[in-house]
Each structure stands twice: as structure tokens, then as C-alpha cells.
Amino acid sequence: MGEDRGVGRRAVFVGGVAGAVTLGAVRFAAAADGVRTETVRGTLPAGAPDFVYVPVEIPRGVREVRVAYSYDRPAVPAGTAGNALDIGLFDERGTALGGRGFRGWSGGARTEFFVRADDATPGYLPGPVRAGTWHIALGPYTVAPRGLSYEITVTLTYGETGEAVRPVYPPERAKGRGRAWYRGDCHLHSWFSDGRRTPGEIAALARAAGLDFINSSEHNTHAAHAHWADAAGDDLLVMVGEEVTTRNGHVVALGTDPGTFIDWRYRARENRFGRFARQIRRAGGLVVPAHPHATCVGCTWKFGFGEADAVEVWNGPWTPDDEVALADWDGMLVASGRDGRDWLPAMGGSDAHRDPDVVGLPQTVVLADDLSRTAIQEGLRAGRSYVAESSRIALDLGASGGRGEHAGIGERLRVDPETPVTVRLAVTGAPRRTVRFVTDQGVVHTAGPLPESGAGTVEWRTTAARAAYVRAEVRHEAAAGAPLPGALAAFTNPVFLGRE
């Protein structure tokens with residue numbers, strides 16, 4: 001048994017900043033076969049750095065590495081964060097930023113895991129167990145004032161290694177309908193991170209929700225990528241990615257090349273996010289900040305939107321956080337129109353983890369040339385999309401000029417400033433819902449409620465001089481005396497008006 005108490009002599013902790021420390025190593029003797037176990041204990045003080053690495057010296061001849069851990073959870077006063085300790089693993093290639101040695105991350109979802117050549121715990125990568133210095137990565141997410149005491153048990157199994165598995169990834173194209181509106185959920189979690197559903201269960205729920213595509217987005221691991229092939233099919237496109245879960249906000253890497261890992265071990269003040277945003281794009285993915293105004297610890301987005309390709313405005317069931325995100329996004333649209341900058345499209349995702357989370361609440365509906373990874377991403381990047389609470393709701397927003405000019409969602413109607421413009425929204429599947437048109441001047445027109453059939457058409461007339469853009473919202477009825485409007489049932493990206 002090994003023990004490392006207090007760790008004060010081996011590491012310098014700097015409170016309140018990002019960083020990492022490395023503790024004393026856990027060592028094992030070489031052996032031909034059998035099982036060997038070592039245990040290490042320690043205490044992390046309040047103000048510990050974001051990551052603490054425990055080196056493990058792996059000798060030759062090891063078939064499997066297994067790690068189990070536990071930590072104390074003392075009572076804390078109301079309003080004070082208690083202990084929460086995440087965990088992961090890096091192999092002999094090291095812990096350098098970029099993740100060359102990354103072998104898996106389970107956050108706080110599991111108390112033990114294993115890796116070997118032919119298999120690994122969900123969230124971890126199978127592969128050879130080579131001799132060298134491996135590292136258990138501890139992530140003290142929150143630490144109580146009196147500290148966090150932990151115990152880690154490392155078990156090595158010696159013997160002949162199994163045959164390495166060859167990953168099989170889902171296809172990048174499904175059987176589409178040509179240029180059409182395709183429905184998808186781009187933010188989902190399975191048991192390969194902190195979800196409770198298998199890929200097959202998620203795929204079944206996606207089909208039941210009327211979805212055409214989904215995106216695998218596990219927290220800080222790409223281990224799920226090789227487990228989606230059986231769930232995909234001609235009727236369901238499965239893209240793969242990652243939810244890069246930093247301490248200063250989360251970003252969905254949407255539709256990256258299979259097998260791509262994006263590191264998360266940095267904060268906004270370190271000015272490293274741009275490097276990893278570029279890596280996402282080099283791997284063919286989109287950079288999508290997730291739930292930017294969520295109130296959970298570490299969830300609020302602090303990296304800015306200069307590297308974003310889109311932003312997740314609607315996350316799961318509609319809440320005040322989403323209302324703030326919608327208003328913030330609308331403010332960015334106003335600034336883009338005023339300053340002549342590119343605009344940032346909005347999208348939604350369920351962030352579903354387990355029952356009763358609803359896959360496809362909400363869903364992003366994209367106008368794409370085909371049901372393929374590339375075509376869906378092009379539609380999302382261009383903002384040719386709207387977000388709806390279910391497949392029952394369909395929207396058609398467009399603007400027309402006096403000479404037959406027409407533009408749809410995400411497009412620009414190029415007309416002179418005083419040319420009369422007719423904005424038209426056709427809605428189906430939204431009984432008793434209210435329709436609002438929003439421009440850079442705010443809410444300019446409200447109509448409804450729609451009839452019990454859920455179908456209706458709303459028109460409004462304006463000019464480019466009075467409206468730089470027009471977008472539509474379909475809302476539930478607000479509760480009497482509520483400070484906010486009714487929850488969203490659907491909303492669109494804007495149609496832009498004017499020459500430029």
C-alpha cells in the first residue's frame with residue numbers, strides 16, 4: 001500500500017486560478033502474471049488548482065489498469081459548495097495540453113474504471129497498456145472549506161494482452177430527400193459520459209421524436225464515437241463530436257471527424273480557447289457555445305463569441321436561462337447589423353441525459369441540400385434553420401419585395417431602404433400559440449392566438465429602413481401576472497433586409 005498525506009511538500013496550491021500540480025508517484029514491481037494493488041490517499045485544500053495528477057509507474061507485462069476512487073462529502077453551510085471530484089486517465093504519452101496521452105474521462109459519473117487493449121469502461125479508450133508513467137487526472141470541481149480527502153486504489157492485472165479493437169464509425173450520409181428541412185438534436189449524452197442511455201436507446205428515441213439527425217456530444221471524451229455505427233441507418237444520420245466542458249463554459253464541437261479529441265483543461269484568462277476552436281474547425285466541426293447563461297457551476301460562457309460558428313440559445317425545456325440567452329443573442333444581431341459584422345446563427349439542443357429528459361426538446365430544423373454531415377453543417381453555419389419544441393411544429397418565414405424578390409430564413413432580401421416589404425410566417429402544429437415578429441427595434445408585431453388546428457399565417461409590412469432584420473417567435477400563453485412572456489414553442493433565425 002502507498003500513501004500520500006497532505007501533499008503540501010509535493011505541490012504548491014494557488015487558490016482561485018487555473019492550473020495543475022503533480023503528486024508523488026505510485027509504483028509497482030514487474031511481474032509475469034497475477035494482480036497487484038496499491039492505494040494512495042491525500043487531501044486537497046480549498047483553492048486547489050483545477051487539475052491534480054497522480055503518476056502511476058506501469059511496468060512491462062500489464063494487461064489491464066483498473067482505478068477506483070472515493071472522497072469525503074462533509075456537510076457545508078447553505079450556499080457553500082461541497083466536495084465534487086472528477087477523474088480521468090492519461091497514458092505514458094503524457095498530460096500535455098492537446099491530449100496526446102488522453103485515455104478517458106468520466107468526470108464525476110463513475111467511481112471506478114478500467115482500460116485494456118480490447119475493452120474499456122464507457123468514456124475511456126481501449127488500447128495497449130504500455131510501460132511508462134501514466135497519470136490519474138483528478139479534477140476538484142468544487143472543494144469544501146475544510147478540504148477534500150480522497151482515496152485512490154490502482155489495480156494492475158498482468159498477463160497476455162487481448163487483441164486491440166478497430167473502431168467502426170457511423171456513416172457521414174443517410175438517405176435524405178434532397179434539398180429539404182431536416183430535424184435534429186445536436187446536444188445529447190449517453191452512458192459514455194454522464195448520461196444513462198445507450199446509443200441504441202437514444203437512436204430509438206430520436207426516431208420516435210421525428211428526427212433526421214443527431215450529434216453525439218459527451219463531456220470531455222470522444223470514446224463514444226466508435227459505438228454509434230449500429231445505431232445509425234438510412235433514416236438517421238449520426239454525427240459525432242464532444243461537449244468541451246471547461247471551468248468557464250461549455251462548447252459543443254459539432255460534427256467533428258470521428259476519433260477527434262478536443263482538450264478542455266484551460267480557462268478564459270489563459271487565452272487558449274482559440275487554439276482549440278481552430279482544432280474543431282480543422283476536424284470539420286462547428287464551434288457552438290452551449291447554454292451560455294446556465295447557472296450551474298462552470299457553465300456560464302466566458303470565452304466570448306468571436307470563435308463561434310453558432311450559439312445554443314435553447315437548451316432543454318424552456319427556462320429563464322434560455323430567455324436571457326435569447327435576449328443576448330438578439331443583442332448580438334443588433335450589433336452585427338449596426339457594425340456590418342457577420343452574424344451568429346442560433347440553434348437549440350435537448351442536452352438530454354436520462355429519463356425523463358426528452359430527446360428532441362428542442363430540435364433544430366435545418367434547410368440542407370442533403371442528409372449528410374457536410375450539408376447539415378453548411379445549413380447550420382448559414383443560419384438556414386429554426387428551433388421548435390417538437391416535430392409537430394413547422395415554420396415557413398420569408399420576406400418579399402415589390403418586384404418579386406424573396407428571401408427566407410438566414411438569407412438577405414436585397415431591396416432599397418424605402419421599398420415596401422411583406423414578411424410572412426406560416427405555422428402548423430401550434431394550437432393557441434402567439435406569434436411575434438422581432439426586429440432590431442424589438443417586438444414590432446404580435447398576433448394570435450392561433451386556432452385550435454394549430455395552423456395559420458401571419459403577415460406584417462415594413463421596409464429595410466425600419467427593420468434591419470426580422471425573425472419570428474411562436475410562444476405559449478403566459479401565466480397571468482408572469483414577468484416574462486410565455487415559453488417558446490419555436491423561433492427562427494432572421495431574414496435580413498436591405499442591400500447590406
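What you see below is based on every heavy atom in this structure, not just the backbone, and it leaves out hydrogens, waters and symmetry mates.
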* Verify the distance criterion only: is there a donor paired with an acceptor across the side chains of Trp318 and Glu323 at less than 3.5 Å? => yes
Would you please say whether a donor-acceptor pair under 3.5 Å links the side chains of Asp257 and Thr260? no
Minimum heavy-atom distance [X]-[Y], with the two atoms named:
X: Ser350; Y: His187; value: OG-O, 3.4 Å
X: Ala382; Y: Pro345; value: C-CG, 4.3 Å
X: Ile393; Y: Ala489; value: CD1-O, 3.5 Å
X: Ala375; Y: Ala368; value: O-CB, 3.5 Å
X: Leu371; Y: Gly176; value: CB-CA, 3.7 Å
X: Ser385; Y: Ile409; value: O-CG2, 3.3 Å

Can you list the residues that meet the ring pair (Phe, Tyr, Trp, His ring centres under 6.0 Å) rule with [X], with sequence neighbours excluded?
X: Tyr53; answer: none
X: His227; answer: Phe192
X: Phe273; answer: Trp301, Phe303
X: Phe213; answer: none

Kindly state each residue pair satisfying salt bridge (Lys or Arg N to Asp or Glu O under 4.0 Å) with at least one member in residues 138-152, sequence neighbours excluded.
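Counting only pairs at least two positions apart or across chains, the salt bridge (Lys or Arg N to Asp or Glu O under 4.0 Å) contacts touching residues 138-152 are Arg41-Glu151.
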For residues 158-182, the salt bridge (Lys or Arg N to Asp or Glu O under 4.0 Å) pairs (sequence neighbours left out) are Glu172-Arg373, Arg173-Asp370, Arg177-Asp212, Arg179-Asp369
Stepwise side-chain contact (heavy atoms from CB on, under 4.5 Å) test for Asp185 and Thr364: CA-CA 6 Å; Asp185 191 339; Thr364 301; over 6 Å; no
With the side chain counted from C-beta on, respond yes when [X] and [Y] share a heavy-atom pair under 4.5 Å apart, and no when they do not.
X: Val35; Y: Leu156; result: no
X: Phe28; Y: Thr155; result: no
X: Pro145; Y: Val76; result: yes
X: Phe114; Y: Val65; result: no

Taken in chain and number order and not counting sequence neighbours, the residues that satisfy salt bridge (Lys or Arg N to Asp or Glu O under 4.0 Å) with Glu57 are none
Can you name the side chain to side chain contact (heavy atoms under 4.5 Å, CB included) partners of [X], sequence neighbours left out?
X: Arg110; result: Ser106, Thr121, Pro122, Trp191
X: Ala31; result: Arg36, Tyr158
X: Val168; result: Ala229

Okay, side chain of [X], backbone of [Y]: is any donor-acceptor separation there less than 3.5 Å?
X: Asp357; Y: Ala352; answer: no
X: Asp351; Y: Asn315; answer: no
X: Gln377; Y: Leu254; answer: yes
X: Arg265; Y: Thr95; answer: yes
X: Ser217; Y: Glu243; answer: no
X: Asp86; Y: Gly108; answer: yes
X: Arg73; Y: Gly82; answer: no
X: Ser336; Y: Asp342; answer: yes
X: Arg63; Y: Gly159; answer: no
X: Tyr124; Y: Asp119; answer: no

Interatomic distance, [X] atom [atom1] to [Y] atom [atom2] [nearest 0.5 angstrom]:
X: Thr43; Y: Tyr150; atom1: OG1; atom2: OH; answer: 7.5 Å
X: Asp194; Y: Thr221; atom1: CG; atom2: OG1; answer: 11.5 Å
X: Ile262; Y: Gln279; atom1: CD1; atom2: CD; answer: 3.5 Å
X: Leu138; Y: Leu23; atom1: CG; atom2: CG; answer: 7.5 Å
X: Leu211; Y: Ile202; atom1: CG; atom2: CD1; answer: 11.5 Å
X: Met347; Y: Leu286; atom1: CE; atom2: CG; answer: 7.5 Å

So the disulfide bond (SG atoms under 2.5 Å apart) pairs with at least one residue in residues 261-304 (sequence neighbours excluded) are Cys296-Cys299
Residue pairs meeting disulfide bond (SG atoms under 2.5 Å apart), one or both in residues 105-195, sequence neighbours left out, come to none
*Worked verdict on Asp72 versus Asn83 for side chain to side chain donor-acceptor pair (under 3.5 Å)*: CA-CA 7 Å; Asp72 66 334; Asn83 286 336; 3.3 Å; yes
Next item on the list: May I have the step-by-step check of side chain to side chain donor-acceptor pair (under 3.5 Å) for Glu218 and Ser193, ending in yes or no?
Entry: CA-CA 5 Å; Glu218 309 294 357; Ser193 59; 2.5 Å; yes
**Request:** Fit a plane to each ring of His250 and His291, take the angle between them on a 0 to 90° scale, and name the class: parallel (under 30°), tilted (30 to 60°) or perpendicular (over 60°).
**Result:** perpendicular
query = Can you say whether the rings of Phe90 and Phe102 are parallel (under 30°), tilted (30 to 60°) or perpendicular (over 60°)?
reply = perpendicular
Val313 vs Val387, test: side-chain contact (heavy atoms from CB on, under 4.5 Å). Steps then yes/no.
CA-CA 9 Å; Val313 165; Val387 183; over 6 Å; no
task = Could you tell me whether Phe276 and Tyr266 have their ring centroids closer than 6.0 angstrom?
result =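 Between Tyr266 and Phe276, which both carry aromatic rings, the centre distance is below 6.0 Å.
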Exercise. Checking salt bridge (Lys or Arg N to Asp or Glu O under 4.0 Å) for the pair Asp309/Arg281: CA distance, chi angles, key distance, verdict?
Worked result: CA-CA 9 Å; Asp309 296 305; Arg281 281 192 283 271; 3.4 Å; yes
Original post:
Taking it one step at a time, do Trp264 and Thr245 satisfy side chain to side chain donor-acceptor pair (under 3.5 Å)?
Top reply: CA-CA 6 Å; Trp264 77 100; Thr245 307; over 6 Å; no
Can a salt bridge be assigned to the pair Arg196 and Asp355 using a cut-off of 4.0 Å between side-chain N and carboxylate O? no
Which is it for Glu242 and His225 under the side chain to side chain donor-acceptor pair (under 3.5 Å) test, yes or no, and what are the steps along the way? CA-CA 9 Å; Glu242 180 184 332; His225 291 189; over 6 Å; no
